[in-house]
Number of protein chains: 2
Amino acid sequence: MNFPAIFNVLGALLIFIGSTMLLPLACALIYNDGDALSLAIAMGVTVGIGLPLWWSYRKYRDLTLKDGLFIVTFGWILVSSVSAIPFMIHGTIPSFTDAFFEMMSGYTTTGATILDDIEAVPHGLLFWRSTTHLIGGMGFIMVTIIILPLLGIGGMQLYKAEADPGQVITGEKFLPRVKQTAVWLWGIYLALILIQSLLLLLAGMPLFDSLCHAFGTVSTSGYSTKNSSIGYYNSAWIDWITVIFMFLGGMTFMMHYHILKKDWEPVRENTEIRWYIGFVVFLSLLTALILWITGSYSGIFDSIRYATFQVVSILTTTGFTTADYELWPQSAQMLIMIACMIGASAGSTTSGIKVVHYEIICKYLYATGRKFLQPLAVVPIKINQKNADPSVVTLAISYFILNIFMIFVGSAILTLIDGMDFYSAISAVIAALFNIGPGFGEIGPAHTYSHISAAGKWFLSFNMLTGRLEMFTVMVMFYPSFWKK
Amino acid sequence: MNFPAIFNVLGALLIFIGSTMLLPLACALIYNDGDALSLAIAMGVTVGIGLPLWWSYRKYRDLTLKDGLFIVTFGWILVSSVSAIPFMIHGTIPSFTDAFFEMMSGYTTTGATILDDIEAVPHGLLFWRSTTHLIGGMGFIMVTIIILPLLGIGGMQLYKAEADPGQVITGEKFLPRVKQTAVWLWGIYLALILIQSLLLLLAGMPLFDSLCHAFGTVSTSGYSTKNSSIGYYNSAWIDWITVIFMFLGGMTFMMHYHILKKDWEPVRENTEIRWYIGFVVFLSLLTALILWITGSYSGIFDSIRYATFQVVSILTTTGFTTADYELWPQSAQMLIMIACMIGASAGSTTSGIKVVHYEIICKYLYATGRKFLQPLAVVPIKINQKNADPSVVTLAISYFILNIFMIFVGSAILTLIDGMDFYSAISAVIAALFNIGPGFGEIGPAHTYSHISAAGKWFLSFNMLTGRLEMFTVMVMFYPSFWKK
Ligand SMILES: [K+]
Ligand SMILES: [K+]
């Protein structure tokens, strides 16, 4: 490991995070809720550590793949730690465990909160809390689409596959120059947030709330400024605007780029988007039908509205709520549970198993069945109209199975260290690992994560990070060979 | 499909099933509980249909692979249907849905019951109920180890792999002549049942109960003659005898053969047996530790006794109970849930995902991780000290993933057609699909399946059959190409 070069990068990261604290600081000064000082101190500390670190090691370069993986994993932990400072100084969240959990939940775009009364938090800190989503969502896209492929020539097929399965399969390059890619991605991301904020504002949501919710929507994260989330506004307009932007946040960002460029060939060829739309429509309509038939809502339109919101929110791993779905009929709850397991598109801000992996796995299973009947049959696995690379298939399968294992083993660990009932524990691990936020039982939409033990919170933080970095980045650190020269 | 030849085989099957009804008939005549007539009528009907069917089509031969798959699937359904007759005639189980469920549960070695008061059932019918386990357990071994490999030269790698992974991988043949294999397997199976019956008798269990429980143990099925299962006897001796024979029933039957022949080489080379023992010891001890520390039982020995019994019972998919594990601490329940997901050895009477598949999957995941760090690394997957055939790896993976899919989709269907709470539905699908029997919630050890709707019972019957025939046999029938010429 090239630690001097790593320190240099981490120093730069701290400077960046410290600078972003200017936003909530400005907000705190405007609203004057008494949280400005805590933000100013945190900013000073963060930049005060980052600046000398970056400067002292500025001459060190040449990061290897392993250094890159280490920076990504440890960077997320470091950033969450310093971001916790203002909450602890101000006293909103006095414990480091809780503040770290809240920030890790923010940066990993999980949106699981330990705050039992969000509305009591001053505006500056609330804005900072939502800003972590803004940074986390984009940070993840940058890491998977730009930084990791840059670092690992040959070794990062996973991330290339995540970024755009078509890229690996066809060898096609997405925008030759990295800087240009970054500018495009940031541009699309910020444009979506801006448009959503404006629409929410037009729909009657206050400016502050609009910004915070837009940060949490496009990044598919889910922190709200209200205790009852989007449900607080009780507005069909706001619900549908949020649905649309959650859906867009769950699309491969490459797709936005192609659509903007009127480059229809990759859009037409992309099969994941069809599966994604298919899952959204099928699960929303089936849930709506159940809600309508059982009379859970007064009519078919309200049934569609609440069902679609919750399905899209969970499918895109956003985690906003407009209803306590635990009061819904059991079959509707089961569909929400299934949505938890699916996720949205690869190369988006969403987490979870993701649609493209299901597409690959389903085609793989079909091929196995065909070979069972006709042993000599050659059944190719096609993604985006082209034969999939075997390494992409292997990664999709490994990723799915590893997630299932993590859920079972993780739930057992959680029941051991927390004493939570085991159904809730399974749900909590899924909600953390897939960066969803709300789940079922003790962490259902009507509850928060505040009652969980300190050990449980640390374990769930680990799951949020592992899930956000798509498993392998974190998991390979447990290989002895990772630490060898 | 060669239906005349299929009818011939199904006719022979009916004659066989009808003949086995002599056992419970003899039992009914001895105990004179008033169930002899119903058994005699059922026997007459079964043989009365089977005999002309077999005779009329006796000249038809040449079964294809597809015919074989059809016979196996449909045979199980036909046999369950005729076996339901005595229960319906006698009135113990008046509804065909319930009686069919009970018999399908018996033949698939599931042991899930709809009888709320087992002890009220007359002896003859009770013996018939347990005899279905005897037939089902051996029938499954015959199908997977003998009939299917015979039928499908080249196409049945799955079953060869199930029968003995070493066989496919090394090309080694298990006993050249099929008849000899059958004799050996029946011999081992019946010898185990006989020895267990004698030991149970010596431990103080009545002869009738001993036989019924031995039928349900070695076949890892789980029907008891008592409402509170093995727990009724409250005897440490009976518990430990049952544990040992459940464990032996969960071992590859090839292993018994090799051990009897003092052929130590395949035993030493077999890696699944080590993983199997590892899972048993690890899960039992961890559960015992939890039970002991939380004071669930009075001492460490009772904790080990109850923990080991339940872990082995669930791991081997037997489903006997000596305790209502739903009253245990949540972490212990979670371990039982994990045991549900693991299963025992391939080539045994057990169902579920099975240890060898986990062994293959874990090695596959490790290889994926290694390649992630060292893209050029060649990481072979070794089973039984030899490199595994890629087709065996593919089948292990497909089988695991298909099971997970079946659980999620199946639970959604079950909540839709039954209105059961969705946690119980997930558990019910797992308990049926993996042929375990008891689960959690509404189908926990303190409950039966009687309250489930008719549609729910049919759906769970389908799951029991699909699980018993290891998915692919049943699933391939949904391929249009299966029905083509
Ligand atoms: K989220
Ligand atoms: K069973």
Side-chain angles (χ1 to χ4, degrees), chain A residues 65-66 69 152 154-158 286 290 329-335 337-338 341 361-362 364-376 391 394-395 397-402 404-405 408-409 411-412 414-416 419-423 425-426 440-441 472 475-476 478-479 481-482, chain B residues 65-66 69 152 154-158 286 290 329-335 337-338 341 361-362 364-376 391 394-395 397-402 404-405 408-409 411-412 414-416 419-423 425-426 440-441 472 475-476 478-479 481-482:
Chain A
L65 165 63
K66 288 182 188 178
L69 292 176
M156 305 309 280
Q157 288 93 341
L158 173 67
L286 191 54
I290 294 165
Q330 293 294 329
S331 48
Q333 290 189 44
M334 186 66 218
L335 293 178
M337 184 75 202
I338 287 177
M341 296 302 296
I361 288 168
C362 288
Y364 178 84
L365 290 181
Y366 180 80
T368 306
R370 275 289 299 281
K371 277 183 202 148
F372 183 77
L373 274 180
Q374 299 158 320
L376 299 177
S391 72
T394 301
L395 280 165
I397 289 164
S398 302
Y399 183 63
F400 175 80
I401 296 178
L402 201 55
I404 300 292
F405 283 11
F408 278 97
V409 176
S411 310
L414 196 55
T415 53
L416 276 170
M420 186 185 256
D421 76 77
F422 85 93
Y423 289 127
I426 294 175
F440 291 92
F472 287 96
M475 298 308 272
V476 290
F478 291 100
Y479 280 70
S481 61
F482 183 85
Chain B
L65 165 63
K66 288 182 188 177
L69 293 176
M156 305 310 280
Q157 288 92 343
L158 173 68
L286 191 54
I290 294 166
Q330 292 295 329
S331 48
Q333 290 189 45
M334 185 68 218
L335 293 178
M337 183 76 204
I338 287 176
M341 298 300 297
I361 288 169
C362 287
Y364 179 83
L365 289 181
Y366 180 81
T368 307
R370 276 288 300 280
K371 277 183 202 148
F372 183 77
L373 276 179
Q374 298 157 323
L376 298 177
S391 72
T394 301
L395 280 166
I397 289 165
S398 301
Y399 183 63
F400 176 81
I401 296 179
L402 201 55
I404 300 291
F405 283 11
F408 278 98
V409 176
S411 311
L414 196 55
T415 54
L416 276 169
M420 187 185 254
D421 76 77
F422 84 93
Y423 288 127
I426 295 175
F440 291 91
F472 287 97
M475 299 307 271
V476 288
F478 292 99
Y479 280 68
S481 61
F482 183 85

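Here is the naming used below: chain letters follow the sequence lines, and residue numbers restart at 1 for every chain.
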Is it the side chain or the backbone of [X] that comes within 4.5 Å of chain B heavy atoms, both, or neither?
X	answer
Met341(A)	side chain
Ile404(A)	side chain
Ile290(A)	side chain

If you count heavy-atom pairs under 4.5 Å with chain B, which of Pro329(A), Ser331(A), Ala412(A), Ser411(A) comes out on top?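 Answer, by heavy-atom pair count under 4.5 Å with chain B: Ser331(A).
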Against chain A, label Leu416(B) side chain, backbone, both or neither, depending on which of its atoms sit under 4.5 Å from a heavy atom there.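 Backbone plus side chain of Leu416(B), per the 4.5 Å heavy-atom cut-off to chain A.
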I need the Leu402(A) CG to Tyr364(B) OH distance, nearest 0.5 Å.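 So the CG of Leu402(A) and the OH of Tyr364(B) are separated by 12.0 Å.
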Aromatic plane relationship, Tyr423(B) with Tyr423(A) - under 30° parallel, 30 to 60° tilted, over 60° perpendicular: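 Tyr423(A) vs Tyr423(B) ring planes: parallel.
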Does some side-chain heavy atom of Met334(A) sit less than 4.5 Å from a side-chain heavy atom of Ile426(B)?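 Ile426(B) reaches Met334(A) side chain to side chain.
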State, yes or no, whether a side-chain contact exists between Thr368(A) and Ile397(B) at a heavy-atom distance under 4.5 Å.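 In short, these two side chains do not touch, never coming nearer than 4.5 Å.
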Are Phe400(B) and Phe405(A), when compared by the centres of their aromatic rings, separated by less than 6.0 Å?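 Centroid distance Phe400(B)-Phe405(A): below 6.0 Å, so yes.
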Can a donor-acceptor pair be found, under 3.5 Å and without considering hydrogens, that links the side chain of Gln330(A) to the backbone of Met420(B)?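 Here the side-chain-to-backbone pair does not exist.
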Mind ranking Val409(B), Asp421(B), Leu414(B), Ile338(B) by heavy-atom pairs under 4.5 Å with chain A and telling me who comes out on top?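 The candidate making the most pairs under 4.5 Å is Asp421(B).
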